[in-house]
Amino acid sequence: MYTAHPVFVQPENEEVRVWRYMDFTKFVSLIDSRRLYFTRADKFDDPFEGSWPKMNIIARQNIPPEIPAEAHENFRRAMKGMSEWNKNLPRFTAINCWHMNDHESAAMWKLYLKSEEGIAIQSTYRKLRDAITAEDDVYLGVVKYIDYESEWVDAKNLFSPFVHKRKSFEHEREVRAVISKWPTGETGFDFTQETIEHGINLRVDLERLIDNIYVAPSAPNWLSGLVTAVVQRYGYSFSVVHSRLNEQPMF
């Protein structure tokens, strides 16, 4: 279920449209399983996923003046241990990504689809939030894009690096849902555990989630009919729209 968290920034308008682009097979899996797939954070293409900005790393090297000289080596050792600890966090964090935009995006179609047989689920931020019915705590918010060379993030919370990305990804306008599966043991965290293999499927209320289903503009016409048939077979009545982004202009 959705759980509020101060690190996760909410949009000014919770009725803003959100989109999830996928191929046809993933769409069928969604309809059949009624579950959203959360990918383990270290499985994304971006190697910076879950990492901290340079300014945060530099700050760890500054020993606070209140720490006595005889404790400086212990402080340095603790900061080094923190770095190793942080490297493990993406293994125990899973993310489901959406694109926030009032209109469908030609760039997102090209970025996320590997073939012409693409689908986009269109919802709103509020409906996405309310549709998460799994018992697990799921956090939801808008990603903030920063300069990882000159800016820093709140170091007091483990989720901070998962709600920030580099400015080069700003075009994604990402909303993300995040879940953690910490590897707790008898004496604390046990990083030898594997709590998430590749990802997690979490239950959602599809009737609450989906406003419209868009078929990729480059998709053949028969795909719209197939998508409609799949939707009806599973007992839903979602509107299926064949994207018109590739329409020819008029002069």
Side-chain angles (χ1 to χ4, degrees), residues 16-46 49 94-134 138 140 143 165 169 171-179 196-248:
V16 63
R17 284 183 172 187
V18 295
W19 307 73
R20 182 159 174 82
Y21 294 83
M22 64 189 72
D23 60 33
F24 176 72
T25 55
K26 289 182 179 179
F27 165 73
V28 174
S29 176
L30 170 65
I31 294 292
D32 180 62
S33 68
R34 297 174 174 82
R35 293 173 183 268
L36 282 176
Y37 187 73
F38 287 62
T39 302
R40 203 172 85 173
D42 63 338
K43 301 297 183 181
F44 287 107
D45 292 336
D46 181 10
E49 190 66 65
I95 300 171
N96 182 262
C97 308
W98 293 70
H99 173 67
M100 184 172 63
N101 202 329
D102 285 333
H103 307 280
E104 60 177 304
S105 168
M108 292 298 106
W109 281 121
K110 293 179 180 179
L111 184 61
Y112 285 101
L113 300 184
K114 297 179 181 179
S115 72
E116 294 182 343
E117 298 173 7
I119 305 294
I121 301 297
Q122 183 262 306
S123 184
T124 68
Y125 185 90
R126 178 183 59 81
K127 289 182 178 180
L128 170 60
R129 180 194 65 201
D130 296 344
I132 300 172
T133 57
V138 179
L140 184 68
V143 170
K165 294 185 73 172
F169 289 91
H171 61 281
E172 293 182 351
R173 302 186 63 182
E174 187 179 336
V175 165
R176 54 174 41 180
V178 179
I179 182 174
I196 305 172
E197 288 190 12
H198 190 280
I200 303 174
N201 284 296
L202 290 185
R203 188 174 64 253
V204 291
D205 182 342
L206 291 183
E207 291 182 316
R208 184 179 295 181
L209 173 67
I210 298 176
D211 274 340
N212 297 289
I213 299 169
Y214 281 70
V215 178
S218 59
N221 290 332
W222 57 262
L223 185 61
S224 294
L226 180 57
V227 171
T228 300
V230 169
V231 168
Q232 293 175 348
R233 182 170 183 176
Y234 282 93
Y236 295 108
S237 57
F238 305 128
S239 172
V240 177
V241 181
H242 200 132
S243 171
R244 302 171 63 181
L245 283 181
N246 283 0
E247 276 190 335
Q248 294 300 308

S.K.: Is there side-chain contact between Ile213 and Val241, with at least one heavy-atom pair below 4.5 Å?
M.R.: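 No, side chains not in contact.
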S.K.: Would you confirm whether Arg208, through its side chain, and Asp130, through its main-chain N or O, come within 3.5 Å as a donor-acceptor pair?
M.R.: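 Pair found, side chain donor or acceptor close to backbone of Asp130.
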S.K.: State the CG-CZ distance between Leu30 and Arg20, to the nearest 0.5 angstrom.
M.R.: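 Nearest 0.5 Å value for the CG-CZ distance: 8.5 Å.
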S.K.: Specify the closest pair of heavy atoms between Tyr21 and Ser105, including all atoms of both residues, with the distance to one decimal.
M.R.: OH-N, 2.9 Å
S.K.: Quick check against the 3.5 Å criterion: does Asp23 have a side-chain atom that pairs as donor or acceptor with the backbone of Lys26?
M.R.: yes
S.K.: Answer yes or no: is there a side-chain heavy-atom contact under 4.5 Å between Ile132 and Ile179?
M.R.: no
S.K.: Give the C-alpha distance, both sets of side-chain angles, the deciding distance and a yes or no for side chain to side chain donor-acceptor pair (under 3.5 Å) between Glu104 and Trp19.
M.R.: CA-CA 8 Å; Glu104 60 177 304; Trp19 307 73; over 6 Å; no
S.K.: Measure the shortest side-chain to side-chain distance between Trp98 and Ile121 over non-hydrogen atoms and say whether it is less than 4.5 angstrom.
M.R.: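 A side-chain contact under 4.5 Å exists here.
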S.K.: Give me the atom names and distance for the closest heavy-atom approach of Phe38 to Leu202.
M.R.: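 Taking every non-hydrogen atom into account, CE1-CD1, 3.7 Å.
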S.K.: Hey, is the main chain of Gln122 close enough, under 3.5 Å, to the side chain of Tyr214 for a donor-acceptor pair?
M.R.: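 Looks like no, no N/O pair under 3.5 Å.
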S.K.: Considering all heavy atoms of both residues, which atom of Val138 and which atom of Ala177 are nearest to each other, and what is their separation?
M.R.: CG1-CB, 4.0 Å
S.K.: Hey, could you give me the NZ/CG distance between Lys127 and Leu209, rounded to the nearest 0.5 Å?
M.R.: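 With rounding to 0.5 Å, NZ (Lys127) is 9.0 Å from CG (Leu209).
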S.K.: Is there a side-chain contact between Ile95 and Val178, using heavy atoms and a 4.5 Å cut-off?
M.R.: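 Ile95 vs Val178: side chains touch.
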S.K.: Which distance, rounded to the nearest 0.5 Å, do you find between the CG of Asn212 and the CZ of Arg17?
M.R.: 6.5 Å
S.K.: If you compare all heavy atoms of Trp109 against all heavy atoms of Ser243, which two are closest, and at what distance to 0.1 Å?
M.R.: NE1-OG, 4.1 Å
S.K.: Quick one: list whatever passes ring-ring contact (aromatic ring centres under 6.0 Å, His included) with Tyr125, sequence neighbours left out.
M.R.: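 For Tyr125, no residue satisfies ring-ring contact (aromatic ring centres under 6.0 Å, His included) once neighbours in sequence are set aside.
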S.K.: Can you measure from CG (Asn96) to CG (Leu140) and round to the nearest 0.5 angstrom?
M.R.: 9.0 Å
S.K.: For Lys165 and Glu174, which heavy atoms make the closest approach, and how far apart are they?
M.R.: NZ-OE1, 3.4 Å
S.K.: Quick one: are Met108 and Asn101 in side-chain contact, heavy atoms under 4.5 Å?
M.R.: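 Sidechains of Asn101 and Met108: no contact.
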S.K.: Donor-acceptor pairs under 3.5 angstrom involving side-chain atoms of residues 216-233: please list them, not counting sequence neighbours.
M.R.:
from	atom 1	to	atom 2	distance (Å)
Ser224	OG	His242	ND1	2.7
Thr228	OG1	Ser224	O	2.9

S.K.: Could you tell me whether the side chain of Tyr112 reaches within less than 4.5 Å of the side chain of Glu172, counting heavy atoms only?
M.R.: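 Glu172 reaches Tyr112 side chain to side chain.
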S.K.: If I take atom OH from residue Tyr236 and atom CD1 from residue Ile31, how far apart are they, to the nearest 0.5 angstrom?
M.R.: 6.0 Å
S.K.: Go through it in stages, so that I can follow the logic: the residues are His99 and Arg173, the test is side chain to side chain contact (heavy atoms under 4.5 Å, CB included), and I'd like the CA-CA distance, side-chain angles, deciding distance and then a yes or no.
M.R.: CA-CA 6 Å; His99 173 67; Arg173 302 186 63 182; 4.0 Å; yes
S.K.: State, to 0.1 Å, how close Leu206 and Phe238 come at their nearest heavy-atom pair, and which atoms those are.
M.R.: O-CZ, 3.6 Å
S.K.: How long is the straight-line distance from CZ of Phe44 back to SG of Cys97, given to the nearest 0.5 Å?
M.R.: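 With rounding to 0.5 Å, SG (Cys97) is 4.0 Å from CZ (Phe44).
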